[in-house]
**Q** 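I am attaching a structure below and will ask some questions about it afterwards.
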Amino acid sequence: MADPPQPPTCQVGMPEGRESPERIVQLWLGRGRGLIPRMNLRVESAGPEGAIVRMPFNPEFCIDAEAMLLHGGVLTALLDSVFGLANFLAIRDVRSMATLDLRVDYLRPAQSRADILVHATCYRQTRHIAFNTGRVWFDGDRDSEVARGTASFALVRNEGGVDRKAEESPRT
């Protein structure tokens with residue numbers, strides 16, 4: 001069993017009257033279900049312009065005998081989840097969301113024993129839809145991306161910020 005997630009260390013603040021990045025990250029980390037908690041994710045930075053999240057290397061997520069080639073489904077789940085965090089950070093009154101469309105372009109084999117980093121942003125929003133873009137790379141090799149992703153999410157809004165009643169609901 002993996003160690004519990006590290007406390008978030010957010011480097012960017014939010015505008016007055018919004019939930020703090022630290023609070024949003026705490027809620028996001030606490031909502032994980034299924035594969036996500038096993039990823040032992042650490043938020044490196046978070047704010048309205050996006051998030052960078054680290055997933056430590058885990059040989060259980062590899063598909064080869066040498067335990068170096070990450071399964072593409074793990075990268076897809078990771079991107080989808082970090083897109084959700086980016087939406088919560090960028091959009092003031094999101095209560096919950098559902099992935100409408102998710103595309104991942106694998107640019108090279110995800111073969112390394114280094115940690116994976118994901119940078120995700122919400123680059124546009126309407127009242128009911130959020131649009132995201134993100135990139136994935138290995139620690140120490142930021143210029144050589146493993147994958148890029150785009151997504152759109154259906155939003156359920158709640159006036160006044162994060163819905164504390166939904167804190168135990170699974171996240172996307």
**Q** Tell me, do L79 and T76 make a side-chain contact under 4.5 Å, heavy atoms counted?
**A** no

**Q** Can you find a heavy atom in the side chain of R148 that is under 4.5 Å from one in the side chain of L107?
**A** yes

**Q** Is it possible for you to say whether L29 and I24 belong to one hydrophobic cluster, with membership spreading through side-chain heavy-atom contacts below 4.5 Å?
**A** yes

**Q** Counting only N and O atoms by type, is there a donor-acceptor contact under 3.5 Å from the side chain of R108 to the main-chain atoms of S144?
**A** yes

**Q** Applying a strict under-4.5 Å side-chain criterion to I, L, V, M, F, W and Y, I'd like to know whether F138 and F61 cluster together.
**A** yes

**Q** Indicate the atoms forming the closest heavy-atom contact of R142 with W137, along with that distance.
**A** CA-CD1, 3.3 Å

**Q** Looking at CG of L78 and CE of M55, how far apart are the two atoms once the value is rounded to the nearest 0.5 Å?
**A** 5.5 Å

**Q** Check for a donor-acceptor pair, side chain of S81 on one end and backbone N or O of A77 on the other, with a separation under 3.5 Å.
**A** no

**Q** I'd like to check V43 versus R54 (side-chain heavy atoms, cut-off strictly below 4.5 Å). Are they in contact?
**A** no

**Q** If I compare all heavy atoms of A120 with all of A86, which pair ends up nearest, and what's the gap?
**A** O-CB, 3.7 Å

**Q** Indicate the atoms forming the closest heavy-atom contact of L89 with A51, along with that distance.
**A** CD1-CB, 3.9 Å

**Q** Indicate yes or no for a side-chain donor-acceptor contact from R157 to the backbone of R127 under 3.5 Å, with no hydrogens or angles considered.
**A** yes

**Q** Of the non-hydrogen atoms in G84 and W28, which two are nearest, and what is the gap between them?
**A** C-NE1, 4.4 Å

**Q** Hey, what's the ring geometry for F131 with Y123, parallel, tilted or perpendicular (30° and 60° as the breaks)?
**A** tilted

**Q** Any heavy-atom pair between the side chains of Q111 and L69 that's under 4.5 Å?
**A** yes

**Q** Any side-chain heavy-atom pair from C62 and F57 closer than 4.5 angstrom?
**A** yes

**Q** Please name the pair of heavy atoms, one in I63 and one in H71, separated by the smallest distance, quoted to 0.1 Å.
**A** CG2-CD2, 3.3 Å

**Q** Can you tell which of T121, T150, N87 makes a side-chain hydrogen bond (donor to acceptor under 3.5 Å, both in side chains) with N132?
**A** N87

**Q** Please check this pair: side chain of D101 against backbone of S152, looking for a donor-acceptor N/O pair closer than 3.5 Å.
**A** no

**Q** Taking the side chain as C-beta and beyond, is there a heavy-atom pair between E49 and C122 under 4.5 Å?
**A** no

**Q** In Å and rounded to the nearest 0.5 Å, what is the CG to CG distance from D141 to L117?
**A** 11.0 Å

**Q** If hydrophobic clusters are built by linking Ile, Leu, Val, Met, Phe, Trp and Tyr wherever their side-chain heavy atoms come under 4.5 Å apart, do L100 and V82 end up in the same one?
**A** no

**Q** Just so I know, are the side chains of V136 and I116 near enough to count as touching, which here means a heavy-atom distance under 4.5 Å?
**A** yes

**Q** Can you tell if the side chain of L75 reaches within under 4.5 Å of the side chain of V146, non-hydrogen atoms only?
**A** yes

**Q** Any link between V118 and Y106 through a network of hydrophobic side chains (Ile, Leu, Val, Met, Phe, Trp, Tyr) touching at under 4.5 Å?
**A** yes

**Q** Do L85 and I91 sit in the same hydrophobic cluster, where Ile, Leu, Val, Met, Phe, Trp and Tyr count as joined when their side-chain heavy atoms come under 4.5 Å apart?
**A** yes

**Q** Under 4.0 Å between a Lys/Arg side-chain N and an Asp/Glu carboxylate O for D105 and R135?
**A** no

**Q** Check the pair R113, D139 against salt bridge (charged side-chain N to carboxylate O under 4.0 Å, His left out), reporting the backbone distance first and the verdict last.
**A** CA-CA 9 Å; R113 291 191 178 212; D139 192 21; over 6 Å; no

**Q** Which heavy atom of F83 sits nearest a heavy atom of L102, and at what distance?
**A** CE1-CD1, 3.7 Å

